[in-house]
Peer 1: 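Mind having a look at this structure? Questions to follow.
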Protein chains: 2
Amino acid sequence: MNHSTIRKAFESHLRGRNLKLTPQRGRILDRVFATHDHFSAETLYGWLKQDTGANISRATVYRTLSLLEEGGFLESLDAGQGERLYEHVLGHRHHDHLICIDCERIEEFYDERIEKLQELAAESRGWTLTHHNLRLFGRCKVCQRKHQSEESNS
Amino acid sequence: MNHSTIRKAFESHLRGRNLKLTPQRGRILDRVFATHDHFSAETLYGWLKQDTGANISRATVYRTLSLLEEGGFLESLDAGQGERLYEHVLGHRHHDHLICIDCERIEEFYDERIEKLQELAAESRGWTLTHHNLRLFGRCKVCQRKHQSEESNS
DNA sequence: ATAAGTGCAAAGAGTTTGCATGTTC
DNA sequence: GAACATGCAAACTCTTTGCACTTAT
């Protein structure tokens, strides 16, 4: 799915709600799909500020993030650091997150078997799932090494 | 593990940090272990207000919740409704959560196989886990029925 | 002209903190 | 009386909202 397809999809999502693809919304869409990292509203606001002289207000950033999330273009994630993190969805199949408690690095992973077992767990209790969210907290490869050498030094 | 054992454990956790088990901290500890529900700081504050005339300030409630969480007496959970929810740990083995998107009901579940697969997923990527957090969002039995009959009526 | 969009600044929610006062050993 | 605790209110962070002004059709 290329960029102009995404743009059209967003436009059509907006049109369905009698909203328009304004320049601000367009720029936000572009910026959001230009990164494959996780970002916060504030980070995005900063990027947009740098990208061109013209400013987009925080209010518009937040409002557009909500629109994008509703439309399924973005997913949000609370990594436990106060601010909500976003990542774009299209071209990214569903995945879960490993979050490093030392360096805050976020790594994505996907395990089909875990997905299935989640469905089963819900079903067997009479629930129907709409979505889920799995976060594994620990130390990444790098921080683990650092942590171990600190331990042995002390 | 009975209540006085928990009290002693908390006292010893506090002593280890040169802190004291004050009346306020004691009452908070008691109240927190008197419920098996999930609760927010504000809810706890309200309970304490009702329990006796004497007031415990929000500041103390928040500060004590942090102490209890650090000590592993409480775990916290973001159910995506703005406020952080807490639940006591001792006597509760680890579990994950089903969260109803309609009525906000929270149900606990545990699946050994999911736990194992999480460990494996982390290990195989070179991570070491400290903890994790799995939230399944969907509709509980009751809300599912409601939702379906609404759908068919429209 | 009408409906929607924007930016600003103010409001909100939840939580944390500075500080004067109290308590405890 | 030194160190820690508390309560209060103010501060803080992130996010949402009200409103006057602007834009597009």
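Note that the coordinates shown come from a computational prediction; the quantities given were computed from them, not determined experimentally. Atoms considered below: every heavy atom in the structure, side chains included; atoms not considered: hydrogens, waters and symmetry mates. Per chain, numbering begins at 1; letters A, B, ... match sequence-line order.
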Peer 1: CD of Glu11(A) versus P of dG5(C): gap in Å, rounded?
Peer 2: 13 Å
Peer 1: Respond yes when some side-chain nitrogen or oxygen of Thr22(A) is under 4.0 Å from OP1 or OP2 of dT6(C), and no when none is.
Peer 2: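 Thr22(A) to dT6(C) OP1/OP2: side-chain N or O found under 4.0 Å.
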Peer 1: Go through Ser76(A) and Glu69(A) one step at a time and tell me if the side chain to side chain donor-acceptor pair (under 3.5 Å) criterion holds.
Peer 2: CA-CA 7 Å; Ser76(A) 73; Glu69(A) 196 177 4; 2.8 Å; yes
Peer 1: Quick check on DNA chain C: between Gly82(B) and Ala59(B), whose nearest nucleotide comes earlier from the 5' end?
Peer 2: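 So the residue in question is Gly82(B).
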Peer 1: Please give, in whole Å, the distance from dA13(C) P to Tyr62(B) OH?
Peer 2: 12 Å
Peer 1: How many Å lie between CG on Leu21(A) and P on dA4(C), as a whole number?
Peer 2: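 Leu21(A) atom CG is separated from dA4(C) atom P by 16 Å.
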Peer 1: Nearest whole angstrom, please: distance from the C1' of dG14(C) to the CZ of Phe39(B).
Peer 2: 16 Å
Peer 1: Measure the distance from OH on Tyr45(B) to P on dG7(D) and round it to the nearest whole Å.
Peer 2: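 Rounding to the nearest Å, OH of Tyr45(B) and P of dG7(D) are 9 Å apart.
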Peer 1: When the aromatic ring centroids of His36(A) and His88(A) are compared, is their separation below 6.0 Å?
Peer 2: yes
Peer 1: Does Arg63(A) make a side-chain donor-acceptor contact with the base of dG7(C), cut-off 3.5 Å?
Peer 2: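 Such a pair is found, so the answer is yes.
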Peer 1: At 4.0 Å (heavy atoms only), tell me whether Gln24(B) reaches a base, stays on the sugar-phosphate, or touches nothing.
Peer 2: sugar-phosphate
Peer 1: Output the rounded distance in Å from CZ (Arg15(A)) to P (dT25(D)).
Peer 2: 11 Å
Peer 1: Once you round it to whole Å, what is the distance between P of dT15(D) and CG of Asp78(A)?
Peer 2: 9 Å
Peer 1: Under a plain distance cut-off of 3.5 Å, with no hydrogens placed, do His94(A) and Glu115(A) share a side-chain donor-acceptor pair?
Peer 2: yes
Peer 1: For the aromatic rings, using the six-membered ring if either is Trp, is the centroid distance between His38(A) and His97(A) under 6.0 Å?
Peer 2: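 His38(A) vs His97(A): aromatic centres under 6.0 Å.
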Peer 1: When the distance from NZ of Lys20(B) to C1' of dA3(D) is rounded to whole Å, what number comes out?
Peer 2: 6 Å
Peer 1: Does Ser40(A) or Leu14(B) map to a spot on DNA chain D nearer the 5' end, using the closest nucleotide for each?
Peer 2: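 The 5'-side residue here is Leu14(B).
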